[in-house]
Amino acid sequence: MKSAVVIKVNDLPLCDKFYREVLQIGSSELISSFGCFYRLGEESGLYLIKTTAKFLEHGSSAASWSFTTPDMAALEARLKKSGYPLFKETFHLGYDECRRGTDPEGNQFFVMEEK
């Protein structure tokens with residue numbers, strides 16, 4: 001089964017830069033003025049879709065996405081330097097520790113360090 005996360009954003013260039021440079025998820029395989037796509041694995045990906053809807057409540061959304069990182073300390077340092085700190089979470093999703101962060105528009109994500 002193939003799957004993808006779709007995240008709606010208002011400022012596509014800002015969010016694209018955040019996902020590429022801060023989260024370091026790789027270069028976008030497809031980019032236009034309406035959205036971009038990042039391949040996260042052979043069967044998964046992430047879309048950033050530009051929207052003009054100012055009413056979106058990103059921070060309180062019931063949906064979010066998660067990923068693993070090989071170096072939590074390095075990711076945490078990049079996020080903190082960029083003004084987006086990580087917070088400890090109470091659930092662990094099968095990993096030793098889970099952290100919660102947000103992108104520049106408040107879209108939540110969860111990150112765990114690879115075992």
Side-chain angles (χ1 to χ4, degrees):
M1 175 171 84
K2 294 183 179 186
S3 64
V5 174
V6 177
I7 300 174
K8 293 181 179 180
V9 299
N10 289 304
D11 190 333
L12 184 61
L14 174 67
C15 291
D16 175 45
K17 183 177 180 179
F18 174 83
Y19 283 86
R20 280 184 298 103
E21 296 179 8
V22 180
L23 293 186
Q24 296 184 345
I25 65 170
S27 297
S28 176
E29 289 189 7
L30 168 72
I31 188 161
S32 74
S33 58
F34 302 104
C36 48
F37 173 76
Y38 309 89
R39 183 163 311 284
L40 301 178
E42 191 174 313
E43 299 287 323
S44 64
L46 182 139
Y47 289 93
L48 293 181
I49 304 296
K50 182 172 176 52
T51 181
T52 56
K54 302 291 183 193
F55 59 84
L56 296 174
E57 268 302 319
H58 299 292
S60 64
S61 174
S64 56
W65 71 292
S66 68
F67 60 95
T68 60
T69 181
D71 189 345
M72 182 70 80
L75 175 60
E76 194 161 16
R78 286 193 310 275
L79 284 161
K80 186 176 181 181
K81 182 179 179 183
S82 299
Y84 304 99
L86 287 176
F87 301 95
K88 289 186 179 180
E89 269 302 316
T90 56
F91 61 90
H92 300 283
L93 299 174
Y95 291 82
D96 293 335
E97 192 171 275
C98 181
R99 304 284 178 112
R100 176 181 47 84
T102 61
D103 72 9
E105 294 192 2
N107 293 299
Q108 290 190 97
F109 59 85
F110 296 92
V111 60
M112 293 75 56
E113 190 160 33
E114 293 174 6
K115 293 181 177 183

Could you walk me through whether K88 and E97 pass side chain to side chain contact (heavy atoms under 4.5 Å, CB included), step by step? CA-CA 8 Å; K88 289 186 179 180; E97 192 171 275; 4.1 Å; yes
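- Side-chain atoms of S28 come within 3.5 Å of backbone atoms of F37 as a donor-acceptor pair (strictly under, hydrogens ignored).
- Taking each heavy atom of K50 and S33 in turn, the nearest pair found is CD-O, 3.4 Å.
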Run the side chain to side chain contact (heavy atoms under 4.5 Å, CB included) check on F109 and L23 step by step: do they pass? CA-CA 11 Å; F109 59 85; L23 293 186; 3.9 Å; yes
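- R100 is linked by a salt bridge (charged side-chain N to carboxylate O under 4.0 Å, His left out) to E89, counting only residues two or more places apart in sequence or in another chain.
- Side-chain contact check for L46 versus F67: every heavy-atom pair is 4.5 Å or farther apart.
- Residues M72 and L86 meet the side-chain proximity criterion, which asks for heavy atoms closer than 4.5 Å.
- Distance check, rounded to the nearest 0.5 Å: OG1 of T69 to CD1 of I25 gives 12.0 Å.
- Under the 30°/60° scheme for interplanar angles, the aromatic rings of F18 and Y84 are found to stand perpendicular.
- Here F34 pairs with S32 under the side chain to side chain contact (heavy atoms under 4.5 Å, CB included) rule; sequence neighbours left out.
- Side chains of T102 and F87 form no contact here, defined as non-hydrogen atoms less than 4.5 Å apart.
- To the nearest 0.5 Å, atom CZ of residue R78 and atom CD of residue E21 are 10.5 Å apart.
- In this structure, OH in Y47 is found 11.0 Å from SG in C36, a value given to the nearest 0.5 Å.
- E29 CD: more than 12 foreign heavy atoms inside a 6.0 Å radius.
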